[in-house]
Amino acid sequence: GAGVSQSPSNKVTEKGKDVELRCDPISGHTALYWYRQSLGQGLEFLIYFQGNSAPDKSGLPSDRFSAERTGGSVSTLTIQRTQQEDSAVYLCASSFPPRTGTNNSPLHFGNGTRLTVT
Amino acid sequence: AQSVAQPEDQVNVAEGNPLTVKCTYSVSGNPYLFWYVQYPNRGLQFLLKYITGDNLVKGSYGFEAEFNKSQTSFHLKKPSALVSDSALYFCAVRDRYTGGFKTIFGAGTRLFVKA
């Protein structure tokens, strides 16, 4: 079946420009995550959405970063006034809704968007 | 706050030898623990998870992991490494009692298996 889809796969932008990264999760998955993978930095948590609850934005590195999830499905991560240190691979993941009392479902990742800020 | 440590940036193993990739964690309560693998030019894939019960968890591709509560560790193991196991491995933790899905990953360990 269809997995998590991210677009674009590659994005090159000039410093100071805004970018939008898109994530289309697996149908029926209510949890959606954004992570950033920088060389040598591992996976940095950015934000996650769970159903209709307020998103957990605790990982967003600055107010230049924002994300929304429309209709409980597609999500967009926006980076305003991009800086060279924003260059990284941005990964989206989604997860099954929990059975009652459990939240141990694994994440399903997309292939990421490689962002290069010149 | 949740955190995960993978103390080794890189692990080198000869094909056929056993391998161990280390992971320690810190959460306020009892955790769910996960291992993921990232092969070159491919997305992250789920390998295995610890929920409860038996401390030895078996997963995909012959991998297993041992949960040790007293040492707060969840080391990934395989009895006999293959060259095709060469990849980037991530340990992850989720607090079972928050009711949410926030998942924190370690920095990753690159495994090289030599023929």
Side-chain angles (χ1 to χ4, degrees), chain A residues 2-6 9-10 23 25-26 29-60 69 88-114, chain B residues 1-10 21 23 25 27 29-53 57 59-60 63 65 67 74 87-110:
Chain A
V4 176
S5 177
Q6 291 188 247
S9 55
N10 282 285
C23 173
I26 293 172
H29 282 195
T30 61
L32 185 148
Y33 302 73
W34 284 99
Y35 290 88
R36 180 167 68 177
Q37 186 175 19
S38 305
L39 191 62
Q41 296 295 316
L43 277 171
E44 178 187 4
F45 168 78
L46 297 177
I47 185 171
Y48 102 93
F49 300 86
Q50 171 56 35
N52 296 321
S53 303
D56 181 334
K57 304 179 181 180
S58 59
L60 294 178
R69 189 178 186 191
V89 176
Y90 289 82
L91 293 169
C92 177
S94 68
S95 185
F96 276 119
R99 295 192 181 123
T100 302
T102 68
N103 60 336
N104 56 51
S105 302
L107 274 61
H108 300 259
F109 282 86
N111 288 329
T113 294
R114 182 176 297 278
Chain B
Q2 303 158 240
S3 66
V4 178
Q6 294 181 242
E8 303 152 316
D9 291 336
Q10 183 171 310
V21 181
C23 171
Y25 65 88
V27 294
N30 290 324
Y32 293 126
L33 294 157
F34 305 82
W35 276 100
Y36 291 80
V37 60
Q38 187 175 38
Y39 296 104
N41 300 317
R42 292 171 62 180
L44 276 95
Q45 300 175 36
F46 166 72
L47 266 183
L48 51 80
K49 66 181 178 181
Y50 171 77
I51 303 174
T52 188
V57 178
S60 306
F63 283 93
F67 172 64
F74 189 56
L88 186 56
Y89 290 82
F90 290 96
C91 182
V93 65
R94 183 185 298 160
D95 188 331
R96 106 181 29 223
Y97 294 123
T98 62
F101 277 64
K102 184 173 180 177
T103 306
I104 300 300
F105 285 76
T109 298
R110 191 165 295 281

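Order of the sequence lines fixes the chain letters, A, B, ..., with proteins taken first and strands second; residue numbering starts at 1 for each chain.
Of the atoms belonging to B:Y50, not a single heavy atom falls under 4.5 Å from chain A. Using a 4.5 Å cut-off between heavy atoms, A:L91 contacts chain B through its side chain alone, with no backbone atom that close. Residue contact with chain B, scored on non-hydrogen atoms closer than 4.5 Å, involves the side chain of A:S58 exclusively.
At distances below 3.5 Å, at least one donor-acceptor pair connects side-chain atoms of B:R94 with backbone N or O atoms of A:S105. Looking at B:K49, its side chain does come within 3.5 Å of a backbone N or O of A:N104 through a donor-acceptor pair. Under a 3.5 Å cut-off, the side chain of B:Y36 and the backbone N or O of A:F109 do not form any donor-acceptor pair.
Contact of the A:Y35 side chain with the B:L44 side chain is not registered, since no non-hydrogen atoms from C-beta on lie closer than 4.5 Å. Between A:L43 and B:Q38, the closest side-chain pair of non-hydrogen atoms is not below 4.5 Å. Side-chain contact between A:Q37 and B:F90 is present, with at least one heavy-atom pair separated by less than 4.5 Å.
To the nearest 0.5 Å, atom NZ of residue B:K102 and atom CD1 of residue A:I47 are 11.0 Å apart.
Every side chain to side chain contact (heavy atoms under 4.5 Å, CB included) that A:C92 has, sequence neighbours left out, goes to A:V4, A:Q6, A:C23, A:L32, A:W34.
Chain A forms the most heavy-atom pairs under 4.5 Å with one residue out of B:I104, B:L33, B:I51, and that residue is B:I51.
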Exercise for review: Take B:T103 and A:Y48 through the test side-chain contact (heavy atoms from CB on, under 4.5 Å) and record every step on the way to the result.
Suggested key: CA-CA 9 Å; B:T103 306; A:Y48 102 93; over 6 Å; no
